[in-house]
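First up is the structure itself, then whatever we jot down about it.
Every heavy atom of this structure was used, including side-chain atoms; hydrogens, water molecules and symmetry mates were not. Predicted model only: the values in this text are computed from it and were never measured.
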Amino acid sequence: MQRPRAPRHALTALLSLGVVLGAAGPAAAHVEVNSSTAQALAVDATVTFSAEGESSTAGITDVKVTLPAGLAPADVTPDKTPDGWAFTPTADGWTVAGPALAPGAAAEYSVKVRQLPSTTSVVFKTLVDYSDGHTDRWIETPQGDAKPEHPAPVLALRPAAAGATALPAAAAPSAPAPAASVSATLTASAPPSPTPSGSTEKADDDNGESTTTIVLGGLIAVAVIGTLVALLVRRRSGRSGRSPR
């Protein structure tokens, strides 16, 4: 007995479903970036990031970002972060970190950019650290037609608005006092150095020494004179006490 054949359209539907499920199943986690004002030279642009959690046993503890050319740490300020997390500027970008999120939860946050650069896209190379010590490195950029395995988040920018111009460079945050300044402070609080020769203090010392010398000289002279007087008195007394021959 011959089995009934399945309709051709049913087989086609099953094959299509298998392709879709196969493509969706092994998809890797990544970092997404978007902005409602993704336009070259846009001012005060809010840029939002979402780092997907790819672990079922460990949560994300921090996200580190390196700024591309055309943006400086002074151009970026925090907007929103996960509860208990803090935004910290670094020498070449920023870090957002805090208590570990739930396994599988995405680290979502946003920053304010003083002005987006005059370019067609902005690449934010990102490291995502987990509570088990694992790190996802989303830092690769496309090379030709090949798609990177760990792509860095890229924000595509529309052309600048007519008349838009670049703002002056933002002032960098004040740096800690250099060692020279600290040394100067310590020197300022130290006792004053001895007064150079020829100063009033030196003259006072010289005058004091001269006075002491004069006093000592006078005392010696008085002692000498007293001794001589005593000798003369003794001689006279001796002569008076002799009997006449």
Just how far is it from atom OG of Ser121 to atom CG of Leu155, taken to the nearest 0.5 Å?
8.5 Å
To the nearest 0.5 Å, how far apart are CD in Glu52 and CD in Glu108?
9.0 Å
Option passing side-chain contact (heavy atoms from CB on, under 4.5 Å) with Val31 (candidates Thr126, Val63, Leu127)
Thr126
Report yes if some heavy atom in the side chain of Leu71 is under 4.5 Å from a heavy atom in the side chain of Pro117; otherwise report no.
yes
Write down the atom of Ala38, the atom of Ala156, and the distance for their closest heavy-atom approach.
CB-O, 3.4 Å
Do you know the tightest heavy-atom contact between Gly59 and Ala100?
O-CB, 4.3 Å
Could you tell me which residues satisfy ring pair (Phe, Tyr, Trp, His ring centres under 6.0 Å) with Phe49, sequence neighbours excluded, listed by chain and number?
Trp94, Tyr109, Phe124
Taking the side chain as C-beta and beyond, is there a heavy-atom pair between Glu140 and Pro151 under 4.5 Å?
no
Considering only heavy atoms from C-beta outward, does the side chain of Leu116 approach that of Leu157 to under 4.5 Å?
yes
Identify whether Val123 and Val128 are in the same connected component of the hydrophobic contact network (ILVMFWY, side-chain heavy atoms under 4.5 Å).
no
Residue from Val76, Asp92, Thr90, Val122 passing side-chain contact (heavy atoms from CB on, under 4.5 Å) with Leu67:
Val76
Going by heavy atoms in the side chains, are Gln39 and Thr37 under 4.5 Å from each other?
no
Suppose we screen for salt bridge (charged side-chain N to carboxylate O under 4.0 Å, His left out). Which residues come up paired with Lys64, at least two apart in sequence or across chains?
Asp62, Asp129
I'd like to know if the side chain of Thr66 and the backbone of Gly93 have a donor-acceptor N/O pair within less than 3.5 Å.
no
Please say yes or no: joined through hydrophobic side-chain contacts below 4.5 Å, possibly via intermediate residues, are Val113 and Leu41 part of one cluster?
no
Nearest atoms (heavy-atom pairs only) where Ser50 meets Ala106:
OG-CB, 3.9 Å
Minimum-distance pair of heavy atoms, taken over all atoms of Ile60 and Ala105:
CD1-O, 3.8 Å
Do Leu101 and Tyr130 have side chains that approach each other closer than 4.5 Å (heavy atoms only, starting at C-beta)?
no
Give a yes or no on whether the backbone of Thr165 and the side-chain of Gln115 come within a donor-acceptor separation of less than 3.5 Å.
yes
Under 3.5 Å, is there a donor-acceptor pair linking the side chains of Thr46 and Lys112?
yes
Non-hydrogen side-chain atoms of His150 and Arg137 separated by less than 4.5 Å:
no
If you define the side chain from C-beta out and look only at heavy atoms, does anything of Asp136 sit under 4.5 Å from Glu54?
yes
